[in-house]
Amino acid sequence: MAAILGGGLGGLSTGYYLLKNNVLSNNNLKLLLLEATNNCGGWIKTIKTKDYIFEQGPRTIRPKGLSGLNTLNMLQDLGLSEHVAPIKPDHPAAKNRLIYVNNTLHILPSSLKSVFKKNEPFSKPLIYALFNDIRQPPSELEDDSIYNFVERRFGKEVADYGIAPMICGICAGDAREISVKFLMKTLFEWEQNHGGVMKGLMKSIFKSKTDNNLVLSDLAKRAQEEKWNVYTIKGGLETFPTTLYEYLEDNEVAMKLNHRISEIEFVDSGSVKLKRNDGDTFTVNHVYASLPAFVLSDLVKKQHPELATTLKEIPFVTVGIVNLFFRTNKSLITPAFGFLVPPIENSSILGVVFDSCCIPDQSGTVLTVMLGGRWFKEKFGENVTEKVLLDIALKEIKSILNIEEEPTATNVKILDKCIPQYVIGHYERVEKVRKYIQENNLPISLVGSSYDGVGINDVILSAKTQVEEDLPYFKKQSVVGVKPTEETPIAP
Ligand SMILES: Cc1cc2nc3c(=O)[nH]c(=O)nc-3n(C[C@H](O)[C@H](O)[C@H](O)COP(=O)(O)OP(=O)(O)OC[C@H]3O[C@@H](n4cnc5c(N)ncnc54)[C@H](O)[C@@H]3O)c2cc1C
């Protein structure tokens, strides 16, 4: 028997790939998914009415790259192709991404042509940033913050107005702390190996591209042909984990909600005791942990304090979410994806997504204001209420977007420790964790957003990669025979 801990997208995708690789049928293996709360999906949560859709967690998915195409393959396989709502290159949400600097909203340059023009708030055309890179000497480093790297290669303005708000938008983090390898691993390697980004780019143009062997579904091909920018799921993103849940349940995975695990005890290389918070224990042969690293740290600390310490070193930030619906006939916003506020502006908000522009089937104007992240405690203290966050959000959108109307409906949530921060040294830390697991023969595999990428695509690809890496292990187990575990009945 194997167990997946956590029913977020990481845990659900792990179940999907275990089924797709016939791990259960070939090894006569039973699979349990143990989720602490009363529903699966983790941070993905949609509130849907006939007038509006509020996304409390993620809302858009990128279709590009190996991980993006892989997610589209999964969506088609789950029968969700018809639910996908693409944002194509000519859509305002693809063209207009804004930043708020010096009390003004500016459109970020998005075309090659715009690189040759001066675009506020940048003081010079962006082409000068490329000259800066060519002139700058390389520096030999193991890792660096993404802010330092961009400032060194492309100048302070690109770091402040380009990368710092982007990091706020992706992980609500501080670019001065986040590892350059989080978003710009290849560019950093070009600097280290070829002396600069442009020099590395030139050399890479003449290198043949490596084939990733991914067979593309029709949906993935369509996304490539039509050059989708991002996409959402009609009716809300929660449809995705709900469909995955049903897929697992239909394929005889035992889905156990309200099962919070409080301790993991490794008995030997093929046996793990799991303790539930009500004291019940049961034994399985292998565990897939898709829990946040700090939760896993607590579960293993009694037996493996060294592993627990390294896991705890992965920091997480808290984000405040304020969803707003305005029932009006006229749109209250200029069509765009939304805007981000660079940290140097020292604002109380991270940014605002214009949901009614990105997500179809909404009447009126729908906005989501994001607050806090890396700066949550310093801006709002320890005990801020949802009412205070709502008031701040309303004040900010009134001042920035000139919206005088009162919202018809609101939703406020404080998402405690919801996004892991891949700070400098993250990748080495994760390697250390995996090495510890391997050297100590612990029958546990790590998936979920704490390790190999924080976005939806990363989490799904990480589950796929992990399951594929484990296939030889399961084969070996089935040759020697998976030791049947004594299953303590798990209360429904
Ligand atoms: C506000 C916000 C906006 C985002 N926007 C985007 C976006 O637009 N695009 C994008 O690609 N990504 C986005 N993301 C990231 C995306 O949501 C995550 O990558 C993904 O949801 C992580 O899934 P996960 O399974 O790794 O973790 P989680 O969703 O955290 O799931 C972990 C699960 O484990 C359960 N659990 C915890 N402790 C225990 C225990 N002791 N025992 C059993 N179960 C336990 C939890 O209840 C939870 O269900 C966003 C994230 C947030 C928070």
Side-chain angles (χ1 to χ4, degrees), residues 3-15 32-46 54-65 67-68 71 168-173 230-233 237-238 240-241 244-245 255-264 274-278 287-300 316-323 337-338 350-351 353 355 358-359 368-373 376 413-422 446-463 466:
I4 298 171
L5 309 188
L9 204 57
L12 294 168
S13 308
T14 303
L32 291 169
L33 186 146
L34 305 160
E35 162 56 39
T37 66
N38 64 359
N39 78 309
C40 280
W43 292 116
I44 304 176
K45 183 117 207 88
T46 308
F54 284 165
E55 292 288 7
Q56 211 169 269
R59 69 209 59 236
T60 51
I61 310 178
R62 282 177 58 79
K64 293 185 184 131
S67 62
T71 302
C168 288
I170 296 174
C171 67
V230 288
Y231 60 92
T232 62
I233 307 278
L237 212 69
E238 205 174 323
F240 191 2
L244 265 172
Y245 181 98
M255 307 298 279
K256 304 286 180 186
L257 301 177
N258 301 310
H259 279 59
R260 185 175 293 278
I261 301 304
S262 58
E263 197 182 321
I264 300 176
L274 301 173
K275 197 172 181 187
R276 224 173 53 174
N277 62 343
D278 60 5
V287 167
Y288 280 90
S290 77
L291 316 164
F294 66 90
V295 175
L296 182 61
S297 166
D298 286 344
L299 304 192
V300 298
F316 279 66
V317 296
T318 297
V319 176
I321 293 286
V322 177
N323 304 108
F337 188 86
L350 297 169
V353 184
D355 291 308
C358 313
I359 305 173
T368 302
V369 186
M370 316 260 180
L371 305 99
F376 195 91
K413 271 279 164 315
I414 296 172
L415 310 178
D416 190 39
K417 290 169 105 180
C418 63
I419 309 186
Q421 303 290 289
Y422 288 14
L446 304 181
V447 289
S449 63
S450 297
Y451 313 103
D452 307 311
V454 301
I456 285 175
N457 291 330
D458 307 311
V459 166
I460 294 172
L461 187 63
S462 153
Q466 189 59 60

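Every number for a ligand or one of its atoms is a count from 1 in the order of the listing. Nothing fancy with the numbering, it's 1 onward along the sequence.
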Please report the C-alpha distance between Phe240 and Ile44 in whole Å, then the side-chain angles of each, then the deciding distance to 0.1 Å, and finally whether the side-chain contact (heavy atoms from CB on, under 4.5 Å) criterion is met.
-> CA-CA 9 Å; Phe240 191 2; Ile44 304 176; 5.7 Å; no

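- Remark: minimum distance from atom 25 (O) of ligand 1 to any protein heavy atom is reached at Gly10 N, 2.8 Å.
- Contact atoms of ligand 1 toward Gly42: 29 (O), 31 (O), 48 (C), 49 (O) (distance under 4.0 Å to a heavy atom of the residue).
- In terms of protein heavy-atom proximity, atom 14 (N) of ligand 1 is nearest to Pro58 CB, 3.8 Å.
- None of Thr14, Asp452, Asn457 except one satisfies the side chain to side chain contact (heavy atoms under 4.5 Å, CB included) rule with Ser462; the exception is Asp452.
- Between Ser449 and Pro420 the shortest heavy-atom distance is O-CG, 3.1 Å.
- Remark: ligand 1 and Thr37 share no N or O pair separated by less than 3.5 Å (distance only, no angle test).
- For Val454 against Cys171, the heavy-atom pair with the smallest separation is CG2-CB, 4.4 Å.
- The closest heavy-atom contact to atom 42 (N) of ligand 1, among the options Ile261, Leu274, Val230, Asp458, comes from Ile261.
- Atom 44 (N) of ligand 1 has its closest protein heavy atom at Ala36 N, 3.1 Å.
- Listed by number with element, the atoms of ligand 1 under 4.0 angstrom from any heavy atom of Ser290 are 32 (C).
- Taking only nitrogen or oxygen atoms, main chain and side chain alike, Val459 does not reach within less than 3.5 Å of ligand 1.
- Smallest separation of non-hydrogen atoms from His259 and Arg276: NE2-NH1, 2.7 Å.
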Evaluation steps, side-chain contact (heavy atoms from CB on, under 4.5 Å), between Cys40 and Leu33 = CA-CA 10 Å; Cys40 280; Leu33 186 146; 4.1 Å; yes

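- Closest approach of Leu350 and Gly372 over heavy atoms only: CD2-O, 3.7 Å.
- The ligand atoms of ligand 1 that sit less than 4.0 angstrom from a heavy atom of Gly448 are 26 (O).
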Could you walk me through whether Leu446 and Leu296 pass side-chain contact (heavy atoms from CB on, under 4.5 Å), step by step?
-> CA-CA 10 Å; Leu446 304 181; Leu296 182 61; 3.5 Å; yes

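- Using a 4.0 Å cut-off to heavy atoms of Leu415, the atoms of ligand 1 that qualify are 1 (C).
- Among Asn323, Thr46, Thr60, Thr368, the one residue that satisfies the side-chain hydrogen bond (donor to acceptor under 3.5 Å, both in side chains) test with Glu55 is Thr46.
- Atom numbering of ligand 1 starts at 1 in the shown order; those under 4.0 Å from a heavy atom of Gly6 are 33 (C), 34 (O), 35 (C), 44 (N).
- For atom 31 (O) of ligand 1, the nearest protein heavy atom (residue, atom name, distance) is Gly8 CA, 3.4 Å.
- Residue Gly41 has no N or O atom closer than 3.5 Å to an N or O atom of ligand 1.
- We find the CG-CG distance between Leu34 and Asn258 to be 11.5 Å, quoted to the nearest 0.5 Å.
- Leu291 counts as a contact of ligand 1, since one of its heavy atoms falls under 4.0 Å from the ligand.
- For atom 12 (N) of ligand 1, the closest heavy atom belonging to the protein is Ile456 N, 3.5 Å.
- In this structure, the protein non-hydrogen atom closest to atom 29 (O) of ligand 1 is Trp43 N, 3.0 Å.
- If you check which protein heavy atom lies closest to atom 21 (O) of ligand 1, you get Ile44 CG1, 4.0 Å.
- For the atom pair Tyr288 OH and Gln466 CD, the distance stands at 6.0 Å (nearest 0.5 Å).
- Remark: ligand 1 and Val454 share an N or O pair separated by less than 3.5 Å (distance only, no angle test).
- Residue Gln56 has no nitrogen or oxygen atom sitting less than 3.5 Å from a nitrogen or oxygen atom of ligand 1, judged on distance alone.
- Taking each of Val317, Val295, Thr368 in turn, the one with a heavy atom nearest to atom 38 (N) of ligand 1 proves to be Val295.
- Heavy atoms of Leu5 stay at 4.0 angstrom or farther from ligand 1.
- For ligand 1, the atoms lying closer than 4.0 Å to a non-hydrogen atom of Leu34 are 43 (C), 44 (N).
- In terms of protein heavy-atom proximity, atom 35 (C) of ligand 1 is closest to Glu35 OE1, 3.2 Å.
- Near Cys418, meaning under 4.0 Å from one of its heavy atoms, ligand 1 places the atoms 53 (C).
- With rounding to the nearest 0.5 angstrom, the CG atom of Asp458 is 14.5 Å from the OH atom of Tyr451.
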Could you walk me through whether Leu237 and Ile456 pass side-chain contact (heavy atoms from CB on, under 4.5 Å), step by step?
-> CA-CA 11 Å; Leu237 212 69; Ile456 285 175; 3.6 Å; yes

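- In His259, the part holding a heavy atom less than 4.0 Å from any atom of ligand 1 is the backbone.
- Paired with Ile414 under the rule side chain to side chain contact (heavy atoms under 4.5 Å, CB included), one option of Thr318, Ile321, Val319, Leu371 passes, and it is Thr318.
- On a distance-only criterion, Asn457 and ligand 1 share no N/O pair closer than 3.5 Å.
- Listed here is the closest heavy atom pair of Ser450 and Phe316: OG-CZ, 3.4 Å.
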